[in-house]
Amino acid sequence: IQVELEKYQKGNVQRGDLTQEFADNIGYAVTNFSEVMGITDPAKITSDSLKAYFNEVKRQKTKTEMGAGKKTKSIATAQTYASRVARFARELGFKVSTPKKMGEAPFRDVVIDAETVSDLINGTEDDELKFILQCGFLAGMRRQEISMSRPEWFDFKRNVINIPSPDLV
């Protein structure tokens, strides 16, 4: 896994597909997955191993975190780690499902593919609808963030969206 991980990180950073920081975050999750699950061959990353990893991270985080909201935070952490490992595995060509954010069944298949998203966005002539679709599908903004967005949030020169905390809006 480590050899493939280094190639994945280096290639994606050089192409500009990932920032170095995000590549490092994926690296941490993949390394942690390998250690926790005892899996060193990327071909052995499966939906079942990701599900087991998700549940183990959730269990460990719930056990170690203190304070209100610890269960929600542990599920979110498990979701993040497992999703990063799944992203790595998919880029290597392995078909794996990704974990859901909540609930007892932590995995689901992709509901809409990239080609369909592209067709939806390119198929509309309504600029407002196109903006909404791009924010949701391409930038990952939530419905409330899209509806409350302001022009000053968008830095088109750097391709960055700065979404302030909800209590500051």
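Because the structure is a prediction, the values reported are computed rather than measured. For reference, positions follow the sequence shown, starting with 1.
With contacts defined as side-chain heavy-atom distances shorter than 4.5 Å, the pair V117/D119 does not qualify. Looking only at side-chain heavy atoms (C-beta outward), V13 and T19 stay at 4.5 Å or farther from each other.
A distance of 10.5 Å separates CD1 of I163 from CD of Q144, quoted to the nearest 0.5 Å. Rounding to the nearest 0.5 Å places NZ of K10 at 15.0 Å from CG of L18. Here the CD-CG distance, from E4 to D41, works out to 9.0 Å after rounding to the nearest 0.5 Å. Rounding to the nearest 0.5 Å places CG of L92 at 12.5 Å from CZ of R87. Distance check, rounded to the nearest 0.5 Å: OG1 of T80 to CD1 of I26 gives 11.5 Å. Rounding to the nearest 0.5 angstrom, the gap separating the CD atom in E35 from the OG1 atom in T31 is 6.5 Å.
The number of heavy atoms from other shown groups lying within 6.0 Å of CD (E152) is above 12.
Without hydrogens or angle criteria, S34 side chain to V30 main chain gives no donor-acceptor distance under 3.5 Å. Counting only distance, with no hydrogens or angles, the side chain of R150 and the backbone of M148 share a donor-acceptor pair below 3.5 Å. Side chain of N32 to main chain of Y28: no donor-acceptor pair is present (N/O by atom type, distance under 3.5 Å, no hydrogens or angles). S83 contributes a side-chain N or O that, together with a main-chain N or O of Q79, makes up a donor-acceptor pair within less than 3.5 Å. In this structure, the side chain of E145 engages the main chain of R142 through a donor-acceptor pair within 3.5 Å. Side chain of T124 to main chain of I121: no donor-acceptor pair is present (N/O by atom type, distance under 3.5 Å, no hydrogens or angles).
Across all their heavy atoms, P42 and I1 have their closest contact at N-CG1, 3.6 Å. Smallest separation of non-hydrogen atoms from Q9 and A23: NE2-O, 2.6 Å. Closest non-hydrogen pair, W153 versus P164, comes out as CE2-CD, 3.3 Å. The two residues V96 and R90 make their nearest non-hydrogen contact at O-NH1, 3.6 Å. When all heavy atoms of F33 and S49 are compared, the pair lying nearest together is CZ-OG, 3.6 Å.
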Applying side-chain contact (heavy atoms from CB on, under 4.5 Å), run through V36 and V57 and close with a yes or a no. CA-CA 9 Å; V36 168; V57 170; 5.6 Å; no
Any chance you could lay out the salt bridge (Lys or Arg N to Asp or Glu O under 4.0 Å) test for R158 and D155, step after step, and finish with the verdict? CA-CA 6 Å; R158 295 184 346 183; D155 182 343; 3.3 Å; yes
Begin from the C-alpha positions of Y53 and I39 and carry the test side-chain contact (heavy atoms from CB on, under 4.5 Å) through to its verdict. CA-CA 11 Å; Y53 176 65; I39 294 175; over 6 Å; no
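Applying side-chain contact (heavy atoms from CB on, under 4.5 Å) to F137 and the options T116, L120, I132 leaves one that passes, L120.
F156 and I146 fall within the same hydrophobic cluster, where Ile, Leu, Val, Met, Phe, Trp and Tyr residues are linked whenever their side-chain heavy atoms come under 4.5 Å apart, directly or through other members.
Aromatic rings of F154 and F131 (six-membered ring for Trp) have centroids within the 6.0 Å cut-off, being under it.
Between the side chains of N25 and E21, no donor-acceptor pair of N or O atoms lies under 3.5 Å.
A salt bridge between D17 and R15 is present, with a side-chain N of the basic residue lying under 4.0 Å from a carboxylate O of the acidic one.
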